[in-house]
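Below is one structure; the comments refer to it alone.
Just the heavy atoms: all of them, side chains too, but no hydrogens, waters or symmetry mates, feed the values below.
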Amino acid sequence: MIEIENLTKLYGNKLAVDNISFKVKKGSVVGFLGRNGAGKSTTMNIITGYISATSGTARINGYDILKNPREVKKCIGYLPERPPIYQEMTVQEYLKFVCAIKDVKASAVSSHIEEISNLVKLNEVMGRRIGNLSKGYQQRVGMVQALVGNPEVLILDEPTVGLDPKQIIEIRRMIKALGKKHTIILSSHILPEVADVCEQVVIINQGKIVAQDTLANLQEGIQESANMVVRIAGSESAATKQLRALSGVKFVEGLGVREKDTVDILVETDKGVDVRRAMFNAMAKANMPILMIKYVDVTLEDIFLKLTGAEREI
Amino acid sequence: MWAVCKKEIQNYFFSPVGYVFIAIFMLISAVLFFNINLTANTYGTGYSGMADYSTALQNMTIYLSFITPVLTMRIFAEERKNKTDQLYLTSPLSITSVVLGKYFAALTVLLIAMVLNLIFPIVIALYTSSGSLSFAMLMVQYVGFFLIGATFMAIGVFVSSMTESQVVAAVVSFAVAAVIWLGDSMLTSLGSEALTDIASSLNMLARYQSFADGIVGFSPLIYYVSISGLFVFLTVRAIERRRWTGV
Ligand SMILES: Nc1ncnc2c1ncn2[C@@H]1O[C@H](COP(=O)(O)OP(=O)(O)OP(=O)(O)O)[C@@H](O)[C@H]1O
Ligand SMILES: [Mg+2]
């Protein structure tokens, strides 16, 4: 349904999106995950036709956004990072205007507005000026705006940013409900949000896609290994060398000094393999006593942070 | 297109902008009317007690060019700054229909101001002997006046599409108007033939003369319409271009 192929965007000579490709199947809810400045909004702006890519294509239902912009735009509802609302209009006036520019039949306008504003519980504020509404309600007005004309595809750029926790939960619930009828791409820099509402995740970092899979697969990947942090009296280089030599150990990484004359080390093993005894013996023999062993749970968050190159905190 | 036009007109009157434009317009017309048509003294203007509105209207064209930025400065700059342009640029609307919708909205406000302005010739007609004011001639003068206004509006719309700042848009539009009015005499005074040609192609006031004389000249008409069309086209291109560069 949505096909992104080798999309690249340069702002002057700043590479914002670097040759990314992904596909979204009809009816799925995809989380587009990345830290600030990763290129999420840029990609979404290209898919919706707000800006043009430097190279590459974006197609929806087989229509290319550059060659058939009208066809593509007709089947997309877009909630940009900043909802495109006019402060001085009332909600009702604004939605009528959006209906008019999105080719909603004049005779159907009032019933359509009522129907979609019901979905996001906007009915009580229809007559109020948008500028006087709270941030949460303004965001909802942005959401309804995306729903005008019942587009097949919804593109939502960080729909919960800047809202209070209660509003966040409500907006997420609305998105989940909408996911039953629409194909949705939702961007976020918060992993739990994506884990909560999406089936599939695309992780983007510095303009490149670093992972794309179903949430289930990503989670399974995590469960294949176990991590522990060990504190050892001795130098980092000697300790990591000893640990790497143990069978069953997949990955070893120094975490720095937390206590004088010791070093903390992250040890990753296959799931179900217990290396503690072998490790104890080896380190005792090398005269580098183990002072602490702590198992740590690896979460999706860790994977995300690892993929996007942020510091791990354990 | 009409949806955009309607929304923009509403917008002019939700905010003070539309009223401010009309108020300034009427104030200047009133002052000119007083100086040119009412008083017996010539002051510095060289006119006095004229029983004819054409001189006042002709003088008004210059002021008009300097107050059009009131209507045009925010027309694209503000939407770009607030990112509300994302709404219509991702809707099935074409950029051309957005630009035309907004342009026609600004022209509508100008028309409203012009209708109110009719009060002055009506006053003249009421207080002078019949026949000294020709209705047909007056209408021709208003057509010419509207065309000059439409041309400056198109330039203002284009300038607004080039920036995010309303202030920059207003200042640049002012400068363009000044160059158009003053550039002609400056270039001509330099004496070169080529420059004189350029000067006369810039000279909007000269083309107004035939309207002032009560004639709808074909070539001045084409001149104003094509310059307006050119700037509307350039506006569409400027918005289109920014989608590629993103800046
Ligand atoms: N108009 C622009 N001109 C120049 N650089 C830009 C422009 N827009 C975005 N960028 C740069 O491109 C990169 C990607 O920006 P983008 O807005 O797509 O990130 P994002 O993933 O949406 O981030 P955020 O989570 O902060 O919204 C950033 O480094 C940003 O500074
Ligand atoms: Mg963003």
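Residue A:Lys96 places its NZ atom among 12 or fewer non-hydrogen atoms of other residues, nucleotides or ligands, all under 6.0 Å distant. Summarising the local packing, CD of A:Glu114 is surrounded by 12 or fewer heavy atoms from other residues, nucleotides or ligands at distances under 6.0 Å. Around the CZ atom of B:Phe146, the shell of radius 6.0 Å holds more than 12 heavy atoms that belong to other residues, nucleotides or ligands. Heavy atoms of other residues, nucleotides or ligands lying less than 6.0 angstrom from CD of A:Glu3 number more than 12. When the shell of 6.0 Å around CZ of B:Phe66 is examined, it contains more than 12 heavy atoms from other residues, nucleotides or ligands. Applying the 6.0 Å contact sphere to NZ of A:Lys181 captures no more than 12 heavy atoms from other residues, nucleotides or ligands.
Considering OH of A:Tyr50 and NZ of B:Lys83, their distance stands at 6.0 Å, rounded to 0.5 Å. Considering OG1 of B:Thr84 and OH of A:Tyr94, their distance stands at 8.5 Å, rounded to 0.5 Å. Atom CG in B:Asn82 sits 9.5 Å away from atom CD1 in A:Ile85 (nearest 0.5 Å). Taking CH2 of B:Trp244 as the start and NZ of A:Lys9 as the end, the distance is 8.0 Å to the nearest 0.5 Å. Here the CZ-CG distance, from A:Arg70 to B:Leu93, works out to 8.0 Å after rounding to the nearest 0.5 Å.
For A:Val148, no part lies near chain B; criterion is any non-hydrogen pair under 4.5 Å. Heavy-atom distances place no part of A:Glu71 under 4.5 Å from chain B, backbone and side chain included. Within the 4.5 angstrom heavy-atom criterion, no atom of A:Ala146 approaches chain B. At a 4.5 Å heavy-atom cutoff, A:Gln87 makes no contact with chain B through either its backbone or its side chain. Proximity to chain B is absent for every atom of A:Ile155, based on heavy atoms less than 4.5 angstrom apart.
Among the residues in residues 77-84 of chain A, those with a non-hydrogen atom closer than 4.5 angstrom to a non-hydrogen atom of chain B are A:Tyr78, A:Pro80, A:Arg82, A:Pro84. Contacts with chain A (heavy atom to heavy atom, under 4.5 Å) involve these residues of residues 5-33 of chain B, listed by number: B:Lys7, B:Gln10, B:Asn11, B:Phe14.
Interface check for chain A: of the options B:Leu89, B:Val98, B:Asp85, B:Thr90, the most heavy-atom pairs under 4.5 Å are formed by B:Thr90. When the candidates A:Pro69, A:Gly149, A:Gly49 are compared by the number of heavy-atom contacts under 4.5 Å with chain B, A:Gly49 comes out ahead. When the candidates A:Thr48, A:Val72, A:Ile101 are compared by the number of heavy-atom contacts under 4.5 Å with chain B, A:Ile101 comes out ahead.
A heavy-atom distance below 4.5 Å is not found between the side chains of A:Lys73 and B:Ser91.
The two residues B:Pro92 and A:Lys74 come nearest to each other via the heavy atoms CG-CG, 3.8 Å.
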(message) Go through it in stages, so that I can follow the logic: the residues are B:Gln86 and A:Asn45, the test is side-chain contact (heavy atoms from CB on, under 4.5 Å), and I'd like the CA-CA distance, side-chain angles, deciding distance and then a yes or no.
(response) CA-CA 9 Å; B:Gln86 287 188 310; A:Asn45 280 335; 3.1 Å; yes
